[in-house]
Amino acid sequence: MSMRGLKSTVAASALALAALTVSAYAETTLTVYTAVEAEDLKRYAETFNAEHPDIKINWVRDSTGVVTAKLLAEKNNPQADVVWGLAATSLLLLKSEGMLEPYAPKGVDKLDKKFVDKSTPPTWTGMDAWVAAVCFNTVEAGKLGLKAPTSWKDLTKPEYKGHVIMPNPNSSGTGFLDVSSWLQLFGEAEGWKYMDALHENIARYTHSGSKPCKLAGAGEIPIGISFAFRGAKEKANGAPVEIIIPSEGIGWDMEATAIVAGTSKLEAAKTLVDWTITKTANEMYNTGYAVVAYPGVAKPVKNFPDNVIEKMIDNDFEFAANNRKAILEEWQKRYDSKSEAK
């Protein structure tokens with residue numbers, strides 16, 4: 001074979017190899033577990049794929065409690081590559097089980113520090129925060145002669161019996177941040193005493209954090225314990241709801257992102273996680289959350305209460321994560337009789 005022929009053969013082989021590499025990478029599919037609202041997932045994937053068409057996302061979506069339980073059950077045989085949009089309290093629990101791959105995404109130093117895991121390198125990075133609130137339907141309450149509550153303690157008054165709905169903390173991250181915040185605000189003994197009294201007034205527990213506010217917005221119940229952004233959304237859609245921030249302070253949690261330890265697609269997973277903390281991604285989160293991790297991105301949200309940030313409790317995430325199992329078991333034992341069927 002002539003030198004020229006050899007060169008062209010080598011060049012052809014190199015091109016074939018390059019094409020093979022590109023096509024192999026083009027078919028990278030990441031399995032991403034999430035508790036993000038279903039309506040947002042398509043938008044998230046489309047925005048990411050506009051910049052990274054070579055990485056496809058296979059979403060596995062459920063409520064926070066279900067996703068967390070699924071990840072724990074799969075500990076010895078992980079099925080997910082990335083977790084994008086799960087409560088930080090859940091990710092701290094997974095971290096303590098050694099299930100997260102430490103990784104400092106590119107540009108992580110630009111994020112607000114409270115949204116970044118304190119380990120070096122971090123095992124998770126926050127996206128946005130959601131805060132507890134009470135959605136109060138003024139029309140339905142008026143028919144029943146109910147005054148608007150101003151505090152968590154108010155919700156235990158006899159007049160509200162059967163008129164309150166809240167999320168089950170075993171299913172819902174919003175439900176868990178409520179329970180965790182009450183135990184922090186009132187102390188353990190008083191916290192459970194408070195929940196005993198509240199239970200008397202609960203019509204039922206839902207398996208979704210946004211559902212109590214949706215139900216209040218639709219007039220099916222006067223009071224829904226939910227999260228503030230959902231209330232703002234219901235109000236913007238014309239529902240007669242007021243968003244009440246209870247005077248004692250409000251629980252909150254972050255949606256956060258992490259790489260699952262042991263993934264065989266580490267480079268693609270890192271590419272996705274790098275992108276999830278960008279300004280572009282945070283602008284996208286801001287359409288669903290009023291508080292985001294990237295400073296200066298959050299725009300004022302119509303109908304969102306002014307005092308939300310100052311009412312957010314000094315949340316002890318380690319307490320919430322370390323005691324999660326015991327808290328949920330105790331809650332289940334005491335109150336699950338009023339949970340709606342799954």
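What you see is a predicted model, and the numbers here were worked out from it, not measured in a lab.
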Roughly how far, to the nearest 0.5 Å, is the [atom2] atom of [Y] from the [atom1] atom of [X]?
X	Y	atom1	atom2	value
T276	M284	OG1	CE	9.0 Å
T257	I277	OG1	CD1	9.5 Å
I243	E234	CD1	CD	9.5 Å
E37	Y289	CD	OH	6.0 Å
N286	D128	CG	CG	9.0 Å
S226	D178	OG	CG	8.5 Å

Would you find a donor on one side and an acceptor on the other, under 3.5 Å apart, between the side chain of [X] and the backbone of [Y]?
X	Y	value
S172	P169	no
N137	V241	no
T138	P240	yes
N323	A326	no
K325	N322	no
K161	E200	yes
D81	T31	yes
S119	P122	no

Pair [X] + [Y], salt bridge at N-O below 4.0 Å:
X	Y	answer
K333	E330	yes
D196	R334	yes
D154	K157	yes
K211	E340	yes

Counting C-beta onward and ignoring hydrogens, is there a side-chain heavy-atom pair between [X] and [Y] closer than 4.5 Å?
X	Y	result
V292	M127	no
I57	F48	yes
T150	I244	no
V83	M99	no
T68	L86	yes
L198	M166	yes
E51	T280	yes
T34	L41	yes

Exercise for review: Begin with the C-alpha distance, continue with both residues' side-chain angles, and end with the deciding distance and a verdict on salt bridge (Lys or Arg N to Asp or Glu O under 4.0 Å) for K235 and E242.
Suggested key: CA-CA 8 Å; K235 198 167 180 175; E242 288 304 318; 3.5 Å; yes
Do [Y] and [X] have ring centroids that are under 6.0 Å from one another?
X	Y	value
Y285	Y294	no
W130	W252	no
W59	W84	yes

Check your understanding: Is there a salt bridge (Lys or Arg N to Asp or Glu O under 4.0 Å) between E140 and K143 once you walk through the steps?
Key -> CA-CA 5 Å; E140 292 309 307; K143 289 179 194 169; 3.0 Å; yes
**Study point:** W152 and W182 aromatic ring geometry - parallel, tilted or perpendicular at 30°/60° bounds
**Key:** perpendicular
Exercise for review: May I ask you to decide if the ring planes of H199 and Y205 are parallel, tilted or perpendicular, using 30° and 60° as cut-offs?
Suggested key: parallel
Cluster check [X], [Y]: I/L/V/M/F/W/Y, side chain < 4.5 angstrom:
X	Y	result
L185	V308	yes
L272	V60	no
Y160	I221	no
M254	Y103	no
W275	V36	yes

Check your understanding: When you look at L183 and I327, which way does the side chain to side chain contact (heavy atoms under 4.5 Å, CB included) test go after all the steps?
Key -> CA-CA 9 Å; L183 293 171; I327 290 169; 3.8 Å; yes
Check your understanding: If every non-hydrogen atom of L71 is compared with every non-hydrogen atom of A80, which pair is closest and at what distance?
Key -> CD2-CB, 4.1 Å
Point to revise | Over all atoms of both residues, closest heavy-atom pair of N303 and A236 | key: ND2-N, 3.4 Å
Exercise for review: May I have all residue pairs that pass salt bridge (Lys or Arg N to Asp or Glu O under 4.0 Å) and include part of residues 288-312, sequence neighbours excluded?
Suggested key: none
Revision key, fill the gap. In short, salt bridge (Lys or Arg N to Asp or Glu O under 4.0 Å) pairs touching residues 82-110 with sequence neighbours left out are K75-E97, K95-D117, K106-D274
Review point. Does the side chain to side chain donor-acceptor pair (under 3.5 Å) test come out yes or no for S339 and N168, once each step is laid out?
Key: CA-CA 7 Å; S339 290; N168 177 324; 3.0 Å; yes
Review point. Does NZ or CZ of R61 fall inside the cone over Y33's six-membered ring, less than 6.0 Å from its centre and within 45° of the axis?
Key: no
**Study point:** Cationic tip of K153 above F186 ring, under 6.0 Å, 45° of axis
**Key:** yes
Practice item. Could you check V260 against V82 for side chain to side chain contact (heavy atoms under 4.5 Å, CB included), going step by step and ending with a plain yes or no? Key: CA-CA 5 Å; V260 177; V82 173; 5.9 Å; no
Review point. Which of these, S171, P167, S63, sits in a side chain to side chain contact (heavy atoms under 4.5 Å, CB included) with T206?
Key: P167
Check your understanding: Which of these passes side chain to side chain contact (heavy atoms under 4.5 Å, CB included) with L155: I202, V134, N201?
Key -> V134
Review point. Do S180 and Q184 have side-chain N/O donor and acceptor atoms under 3.5 Å apart?
Key: yes
Check your understanding: Between R230 and T174, does any side-chain donor sit less than 3.5 Å from a side-chain acceptor?
Key -> no
**Study point:** Heavy atoms from other residues, nucleotides or ligands near CD of E188 exceed 12 (cutoff 6.0 Å)
**Key:** no
Point to revise | K338 NZ: over 12 foreign heavy atoms closer than 6.0 Å | key: yes
Practice item. Apply the test side chain to side chain contact (heavy atoms under 4.5 Å, CB included) to residues F229 and V301: give CA-CA distance (whole Å), side-chain angles for both, the deciding distance (0.1 Å), then the verdict. Key: CA-CA 8 Å; F229 198 92; V301 177; 3.8 Å; yes
Point to revise | Matching residue for D253 among N315, T89, T64 - test: side chain to side chain donor-acceptor pair (under 3.5 Å) | key: T89
Review point. Does the side chain to side chain contact (heavy atoms under 4.5 Å, CB included) test come out yes or no for I259 and W124, once each step is laid out?
Key: CA-CA 8 Å; I259 297 173; W124 56 266; over 6 Å; no
